[in-house]
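Below is one structure, written out as structure tokens; the observations come after it.
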Amino acid sequence: MCALPPVAHGVNMSTRLEQLFDGYPPILSARELAEILGLNNKTVYEYLQNGDLPAYHIGSKWIIVRDEVLEHIQSTSNTPGESAPPGPRASAKRGIEAAQ
């Protein structure tokens, strides 16, 4: 697993996540993805098969595009200001707050 230095003041999570992917080729193997994410190969294959991580399955091979995985992970951030535009859960939360 790649070790990152402590978070510096003013560095956002997206930048830190991008650092994990630095130095890896544009097309990743499942082993490389497991290394980046700190997971075992079996878990990565389960995520790929379930569609939890974006990839293309051709025959017995997985084509894993580094930037697509990075964007997907960034879009699922639970940190305010780091994720994609609000989805249904954020809209529901606003509705609850407005009702109070």
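Within the 4.5 Å cutoff, the side chain of I63 has heavy atoms near those of the I58 side chain. Y47 is not listed as a side-chain neighbour of L33, based on a closest heavy-atom distance of 4.5 Å or more. Side-chain contact between Y24 and E35 is present, with heavy atoms from C-beta onward closer than 4.5 Å. Two residues are said to be in side-chain contact when any heavy atoms from C-beta on lie closer than 4.5 Å; L48 and H57 fail this criterion. Within the 4.5 Å cutoff, side-chain heavy atoms of P25 are placed close to those of E32. In this structure, the side chains of V65 and Y56 come closer than 4.5 Å at one or more pairs of heavy atoms.
Around CZ of F21, the count of heavy atoms belonging to other residues, nucleotides or ligands within 6.0 Å exceeds 12.
Between the CG atom of L37 and the CG atom of L53 there is a distance of 6.5 Å, given to the nearest 0.5 Å. The CG atom of N41 sits 8.0 Å away from atom CZ of R31, with the distance rounded to the nearest 0.5 Å. Interatomic distance, R66 CZ to I36 CD1, rounded to the nearest 0.5 Å: 8.5 Å.
Remark: side-chain polar atoms of N40 are paired, donor with acceptor, to backbone N or O of K42 under 3.5 angstrom. Under a 3.5 Å cut-off, the side chain of S77 and the backbone N or O of Q74 do not form any donor-acceptor pair. Remark: the backbone N or O of D67 is not paired with any side-chain donor or acceptor of H72 at under 3.5 angstrom.
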### Pair L17-I73, side chain to side chain contact (heavy atoms under 4.5 Å, CB included): steps then yes or no
CA-CA 9 Å; L17 183 62; I73 293 171; 3.5 Å; yes

### Message
Checking Q49 against W62 for the side chain to side chain contact (heavy atoms under 4.5 Å, CB included) test, could you report, in this order, the C-alpha distance in whole Å, the side-chain angles of both residues, the deciding distance, and whether it holds?
### Response
CA-CA 10 Å; Q49 291 169 348; W62 285 98; 3.8 Å; yes

